[in-house]
Every structure is written in structure tokens, then in C-alpha cells.
Amino acid sequence: MFSADSYLPHLFAVIWFALCWGGYTRYATWKGRDTPCLASIMHLYREDWMRRLLLRDSRIADASVIGSLERSASFFASSTLIILAGILTVLGSSERAVSLLAELPFVQVASRELSEIKLLCLSVVFVYAFFTFTWCMRQYNFAAVLVGAAPMVGERHVTEQERKAFAERVARVISLAANQFNFGLRAYYFGLAMLAWFINPWVFMLVTAGVVIVLYRREFHSEVLEVMVYTPTPPLVPLKEEK
């Protein structure tokens, strides 16, 4: 039999999980306002992309890029549905799942009710991921419409100020879609961390903290960020005239 005290570590682990996920999301948003990170740097590149788009007569390549981004979000949304179907299948045969987990080494024996709570929490994480990826897909659809509505090069009644405002608007919409995609990926990271809960709550808390460290290093101290921000441009060497 499980007493109320035996459930306290699991309660602490869930609270720690929510604090790490929500706290890191708020921290990354706040720190990204004045610190170079993947999200802020990519937004600058998107603004450059949209400004150059307005200088081109053909936007086929640009529409293809947006379509590729939308397909990536669609892939993860479909994968999330498959994961949810698997979780619901395991939830329907929770007794067998509990017996299988009990045979694994280092796994803390849990009651059927606690195992079902863990599976329900895991399903909530991936339901959130599904809604996030589908909203990302819709925003990429909005961006595709905006690209189609972009003023052409020869339109004289469109001022440069209007072109600049339009480029910033489209870049902002694409960045919002990318942020939703990033939130969905974070849900995957933390969903994988929740799998450690089936071992024991202390490992769950440790793995959750490890996910926060991995996300922080990748978003604020990764090599690809350093390349996009600090890559030096070699000086232009004039060609020597042939004698």
C-alpha cells in the first residue's frame, strides 16, 4: 500500500518540472530581448530575407522555403498524434505496462493509479505540442499569403516606407510561427524528460534540470549562434593590374 508521504516526491517532481519548463520559457523570452540568441538573430535574418524579396520579380523560391517550413511543422504535428495514440494504448493496458516496468532495473515500483497519472501527464505535454505545431502551421500559411501579397518591384504607388513596413510585418509573422515551432520542440524535450518519471521522481527532476541546461546552451551559447553572429567578413583585396 502507498501512503500519502510516498506521493510527496512525485508531487515535488511535478512542481519542479512545471517550474523548469515555464521558468525557462519566461527566462529565454526575457533574456532574448537584449542578448543575442537563436530566436533574435534569426529574426534579423528574416527581415533581411523579406527586404530582398521585395527586390525580386520572382518569389517562387521564397514561397518554396515557407512551404518547407510548414511541412516541418506538419510532420511534427502528425508525429505527435502517433505518440498520443501510443500513450492512450498503453493507458488502456496500464496493468501490463506496470508489470513490465517493474521488471526493469532501477525502476521504482508504482501503483496502477500513479502510473495512469504519469501517462495522463505525458499525454497533456504532447497535446500541448500538437496544438503548438498546428498553430505554427497556420501562421506559416498566413506568411505565405503575405508573400503572395507583397508589392512588386515596378509598383510606383508603393513608397519605400510602406515596403519597409511590409517587410518587417512579414518577418514578424514568420518569427511568430518559428517561435511556436520552438515551443513545440521544447515540449518534445520535456516530454522525453518526463519518461524518467517512470524510473523514480528524483531521476525525473535531475533529467528535467538537464534538459534546461541543454536548451540554454543551444539557444544562447551554441556554435551555430556564434557563426551567425560573429563570423568575420574578410577584407576585400583589390585585384592587381596586369603589367
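These numbers were taken from a predicted model, which means no experiment stands behind them.
For Phe17 and Phe204, the ring centers are positioned less than 6.0 Å apart. The aromatic ring centroids of Tyr188 and Phe76 lie less than 6.0 Å from each other.
Within a 6.0 Å sphere centred on CZ of Arg52, heavy atoms belonging to other residues, nucleotides or ligands number 12 at most. In the displayed structure, Trp16 atom CH2 is contacted under 6.0 Å by at most 12 heavy atoms of other residues, nucleotides or ligands. Enclosure of atom CZ in Arg59 by more than 12 non-hydrogen atoms of other residues, nucleotides or ligands within 6.0 angstrom is indicated.
Using a distance-only test at 3.5 Å, with no hydrogens or angles considered, a donor-acceptor pair links the side chain of Ser123 to the main chain of Leu120. Under a 3.5 Å cut-off, the side chain of Tyr45 and the backbone N or O of Met228 do form a donor-acceptor pair. Within the 3.5 Å criterion, the main-chain N or O of Glu70 finds no donor-acceptor partner in the side chain of Ser74. Tyr189 places no side-chain N or O within 3.5 Å of a backbone atom of Val214 that could act as its donor or acceptor partner. Remark: side-chain polar atoms of Asn182 are not paired, donor with acceptor, to backbone N or O of Ala178 under 3.5 angstrom.
Closest of all the heavy-atom pairs between Thr29 and Arg33 is O-CG, 3.4 Å. Nearest approach of Ile174 to Ala143, heavy atoms of both residues: CG1-CB, 3.6 Å. Annotation for Val125 and Ala187: closest pair CG1-O, 3.4 Å, computed over non-hydrogen atoms. In this structure, Cys20 and Val212 approach most closely via the heavy-atom pair CB-CG2, 3.8 Å. Scanning both residues, Ala177 and Cys136, for their nearest heavy atoms gives O-SG, 3.2 Å. Heavy-atom minimum distance, Val203 versus Asn200: N-OD1, 2.8 Å.
Residues Leu215 and Phe190 are in side-chain contact: their nearest non-hydrogen atoms beyond the backbone lie under 4.5 Å apart. Between Leu38 and Ser222 there is a side-chain heavy-atom pair separated by less than 4.5 Å. Side-chain contact check for His10 versus Trp197: some heavy-atom pair is nearer than 4.5 Å. Looking only at side-chain heavy atoms (C-beta outward), Arg163 and Pro151 come within less than 4.5 Å of each other. Looking at heavy atoms from C-beta onward, Tyr128 lies out of side-chain contact with Thr80 at the 4.5 angstrom threshold. By the 4.5 Å heavy-atom criterion applied to side chains, Phe12 and Pro201 are not counted as neighbours.
Ser78 contributes atom OG, which lies 11.0 Å from atom CD1 of Ile83 (distance to the nearest 0.5 angstrom). Atom NE2 in His43 sits 10.0 Å away from atom CG in Asp48 (nearest 0.5 Å). For the atom pair CZ of Arg46 and CZ of Arg172, the computed distance is 10.0 Å after rounding to the nearest 0.5 Å. One finds the NZ atom of Lys118 at 14.0 Å from the CD1 atom of Ile87 (value rounded to the nearest 0.5 Å). Distance check, rounded to the nearest 0.5 Å: OG1 of Thr134 to CD of Gln139 gives 10.0 Å. Distance check, rounded to the nearest 0.5 Å: CG of Leu91 to CG of Leu84 gives 11.5 Å.
Hydrophobic clustering (ILVMFWY, side-chain heavy atoms < 4.5 Å, transitive): Val124 and Trp135 are in distinct clusters. Under the 4.5 Å side-chain heavy-atom criterion for Ile, Leu, Val, Met, Phe, Trp and Tyr, Leu44 and Leu176 are members of distinct hydrophobic clusters. If you chain together hydrophobic residues whose side chains sit under 4.5 Å apart, Trp49 and Ile41 never meet in one group. Under the 4.5 Å side-chain heavy-atom criterion for Ile, Leu, Val, Met, Phe, Trp and Tyr, Ile60 and Val147 are members of distinct hydrophobic clusters. If you chain together hydrophobic residues whose side chains sit under 4.5 Å apart, Tyr140 and Phe131 never meet in one group.
Aromatic ring pairs are classed by plane angle as parallel below 30°, tilted from 30° to 60° and perpendicular above 60°; the pair Tyr216 and Tyr27 is tilted.
Salt-bridge check for Arg186 with Glu219: passed, with a basic side-chain N closer than 4.0 Å to an acidic carboxylate O.
Tested against Phe133, the residues Phe183, Phe75, Phe181 include a single ring pair (Phe, Tyr, Trp, His ring centres under 6.0 Å) partner, Phe181.
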